[in-house]
**Student:** 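The structure under discussion is supplied below as structure tokens; questions concerning it will follow.
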Amino acid sequence: MFKAVLADGRIWKNIIESVSTLVDEGVFIADPSGIKLRAMDPSRVAMVDLELPKAAFESYECGAETPIGVNFDDMKNVMKRVSGGEKLELEKHDEEARLKIRFKGKSSRTFSLSLLDLGKEELSAPRIPFNATVKVPAGTLLEAIRDAEVVSDFVRIVAENGQLKVSASGERGEVDVIITKESGELLSIELKEMAKALYSLNYLSKMMSASSLSDIAIAMFSTDMPLRLEFNLTSGGKIVYYLAPRMEND
Amino acid sequence: MSGPTETDCGRQIAMSATNEEAGTRVAGRVPWTEEFMPARLDDMAGNRTAAEQLLSWVKDRLAGQAKKKTALLHGPPGTGKTLSVSIVARMLDAELIEMNASDFRTEVLVEKVAGGAATQASLFGKRAKIIFLDELDGLSGKEDRGGVGAIAAVINNSRYPVVLAMNDPWDPKFRSLRDICEMIKFSRIRTPSIAAQLKKVAMAKGLLFTEGAIEMVAERAGGDLRAAINDFQMVASGRRSLAEEDVGMLYERTQEKGIFDVMKGVFSADTVLEAKLALEGAPADIEMLLQWINENIAVQYPAAAERAEAYDWLSKGDFFMSNARRKQMWGLMGYGIELAAGGAALARRGDYAFARYSFPKRIGAMSKTKEERGAKKELLLSIGRDAHVSKKKAILEYLPYIEIITQAGGFKERAAGVPKPEGQGGASVAKPEGGSSDQRTDDGPREANPRTRSGRRPKRSGASAAKAGSNSDILSWLDDSKAP
């Protein structure tokens, strides 16, 4: 038996939307400490790692580890129906292959979502030595990514000399976004050595959909290595994305 | 098969629904094709040269020295194409990104998955990747022409080796691909090599066997090693030793069996396993096959006892099937299949007798009664609208009374001594079929209808002629009632 109540249903809606941009289906693991989800996009280039501890919920009960395999499109469609001010109740009985999703506001509305039996793929997060750790307001990073999208399909991210540079160039033109401490937008930067890498905007902009859930984005990367992008959710818990670097053009 | 075996399997069919062990033996086991998958190219039963050609191409491609942009593995099923790619990937510590037939549905998906993987480095820090597009034969028809284009684009943009696999590379739609491919041919595995492989499996499993039995399985696989091992596992399941006669039930592996052969196979089976095997390679999905069994139990078994038993098992099987669907617990389907097919076979008392099997009538009946069901639905909706009730409630609580009322209308007319001329008003809506027009003028058969006389609710079973009649009556009554 698993039952969790979120004070604001729209939080779950946003979480599901940020996950579903990358992943078609996945298995939430609910255990006594909270809910976790780790899933990869079909091309195995990006990974999402979600953690919602017990404390992020208004109430939470879960006796034993419960896998909840979902099709994210289905769940997203259900969550589109939630309105402001409605509580969300998630409930699964041990013997049932269904998840009850209940919206509680002026009325109580219950959806019953068929679950998928996806087996259990043990995914471990990529273990990468990160040379650069950069903390910026999520909104600032989002704007930089959107700027880059205007001219290209991929973006170069460089961390050196106490500043973060997001730049892109393509047939359509070039753009440079420089984020410094002086402007107050660079909250912190730690460098073991300078780092620069190329990432596909297609994946990156999908990951940025989580910026609506968090004030701060923490980016960690090394030269030509995967990017780790962490959003600490204002409502508790966190979403971490991993993205493989794009290969340099020959 | 002898008597004892039959009872044994009869027990098995009863147990398989509840007994964990029976379940794991048949449904939840690890396929031997996986358990005994070779780990090295040298362990492959055949096509080692082809696999080595692939290895050296991938190495060249990774070093940027390959002459061709991509490699195309072609050959019949079960000859080691997929296997050699996975061995090569493991040997070179490369991340394997695999797509197969079901993933090629749209251009967008190919681009998203293969295209994405082909231009990004590995997320797990692997130095190399192999993009493997398997079972490309699935790409067919006009809509997939874009699919070939998308695959060509992936090949051109890829930073990593792209390997394609298909059975028949000479299809015109692959012409553009062939020119940029290193063609690597995989041939059918020779029967002695298959036999040798089966022996290894048998020894590892501690299974006693006769040479003849192994040879039979090997020969019938027709050069398809995967099929041979699958067949072998099937015939060997639940046995400690294997002789020729145990293999006898194994069908020649053909591309597709006719549905009538499948029915014959099911009804002539002596064991549950045999009946289940008969469904292999059937040209219909499992739901359809159960319809076929449902239809033909009555054809096969004129005797009531046999018929009853077969239907009883089928109903138990259906219980599992519908639960599998409803609860999405697909593992239950295995039990459903065994109960339905096994039951149909084991209900037989004597020897198998030839029967002329027929197509399931349900589909025909559904399409024939489409109009009628449409009319009924409309009627129910209009009841619903006027009486503010759901369709379900209209069926349960209104329709039976309306039927009675329409019958009563007949009495009233008779009492007034004015027999209503037949076919007016109502006939334009109601199809005068199923004897309904006769019923309206002649009260005899109507009064004789016990259902309406006693006012009992009609059973909601298949659309019988009687039902067609009563529907037409109601429709004509509705029309009449508007007239005055």
Side-chain angles (χ1 to χ4, degrees), chain A residues 21-24 38 40-49 69-71 74 93 95-99 112-119 123-130 153-154 197-204 206 221-228 241-250, chain B residues 27-28 30 34 61-62 64 69 89 94-100 102-106 108-133 150 153-154 156-162 322-334:
Chain A
T21 56
L22 276 181
V23 183
D24 302 331
R38 185 173 282 170
M40 285 194 91
D41 90 301
S43 66
R44 303 182 74 80
V45 161
M47 183 188 269
V48 57
D49 199 353
V70 298
N71 176 311
D74 291 349
H93 293 274
E95 68 283 6
E96 282 180 3
R98 285 172 181 281
L99 178 71
S112 184
L113 191 72
S114 292
L115 297 179
L116 309 174
D117 186 4
L118 294 174
L123 283 173
S124 48
R127 256 172 277 150
I128 305 146
F130 294 109
D153 301 331
F154 50 92
L198 221 53
Y199 300 102
S200 162
L201 280 169
N202 180 19
Y203 294 97
L204 213 46
K206 285 175 179 171
F221 65 111
S222 300
T223 298
D224 295 335
M225 293 290 261
L227 169 75
R228 180 185 190 276
Y241 292 104
Y242 295 90
L243 174 62
R246 198 185 146 92
M247 307 282 284
E248 294 271 4
N249 277 316
D250 301 325
Chain B
V30 179
E34 273 173 37
R61 177 69 180 77
L62 287 170
K69 289 219 81 163
E95 191 176 344
L96 183 61
I97 312 292
E98 236 182 309
M99 284 184 88
N100 58 36
S102 59
D103 305 323
F104 298 137
R105 286 167 312 218
T106 67
V108 180
L109 206 62
V110 171
E111 206 164 286
K112 187 170 134 191
V113 178
T119 50
Q120 329 289 322
S122 163
L123 188 56
F124 300 98
K126 300 246 184 191
R127 302 250 295 285
K129 279 190 200 183
I130 296 176
I131 318 277
F132 180 38
L133 308 180
V154 168
N156 279 322
N157 297 331
S158 180
R159 307 267 186 268
Y160 299 104
V162 177
S322 68
N323 271 291
R325 269 191 308 275
R326 239 197 354 257
K327 298 183 179 159
Q328 305 214 330
M329 293 168 69
W330 305 114
L332 292 177
M333 288 183 94

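What you see below is based on every heavy atom in this structure, not just the backbone, and it leaves out hydrogens, waters and symmetry mates. A note on names: the letters A, B, ... follow the listed sequences, proteins ahead of strands, and every chain is numbered from 1.
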**Student:** With a 4.5 angstrom heavy-atom cut-off, which part of A:Asp153 approaches chain B: side chain, backbone, both or neither?
**Tutor:** neither
**Student:** Between A:Ser200 and B:Gln120, is a side-chain contact (heavy atoms from CB on, under 4.5 Å) present by the stated rule, with each step listed?
**Tutor:** CA-CA 8 Å; A:Ser200 162; B:Gln120 329 289 322; 3.6 Å; yes
**Student:** Please name the pair of heavy atoms, one in B:Ser122 and one in A:Pro226, separated by the smallest distance, quoted to 0.1 Å.
**Tutor:** O-CG, 4.1 Å
**Student:** To the nearest 0.5 angstrom, please state how far the CE atom of A:Met247 sits from the CG atom of B:Asn157.
**Tutor:** 13.0 Å
**Student:** So with a 6.0 Å cut-off around CG of B:Asn156, is the heavy-atom count from everything else above 12?
**Tutor:** yes
**Student:** Could you give the distance from CG (A:Asp41) to NZ (B:Lys112), rounded to the nearest 0.5 Å?
**Tutor:** 7.5 Å
**Student:** Heavy-atom cut-off 4.5 Å, strictly under: side chain, backbone, both or neither for A:Leu115 against chain B?
**Tutor:** backbone
**Student:** Less than 4.5 Å to any heavy atom of chain B: does that hold for the side chain of A:Tyr203, its backbone, both, or neither?
**Tutor:** side chain
**Student:** Quick one: side chain to side chain contact (heavy atoms under 4.5 Å, CB included) partners of A:Ser114, sequence neighbours excluded?
**Tutor:** A:Arg98, B:Gln328
**Student:** What pairs with A:Pro126 under side chain to side chain contact (heavy atoms under 4.5 Å, CB included), at least two apart in sequence or on another chain?
**Tutor:** A:Met47, A:Ile128, A:Tyr242, B:Leu123, B:Phe124
**Student:** Nearest heavy-atom pair of B:Ala117 and A:Val45: which atoms, and what distance?
**Tutor:** CA-CG2, 3.8 Å
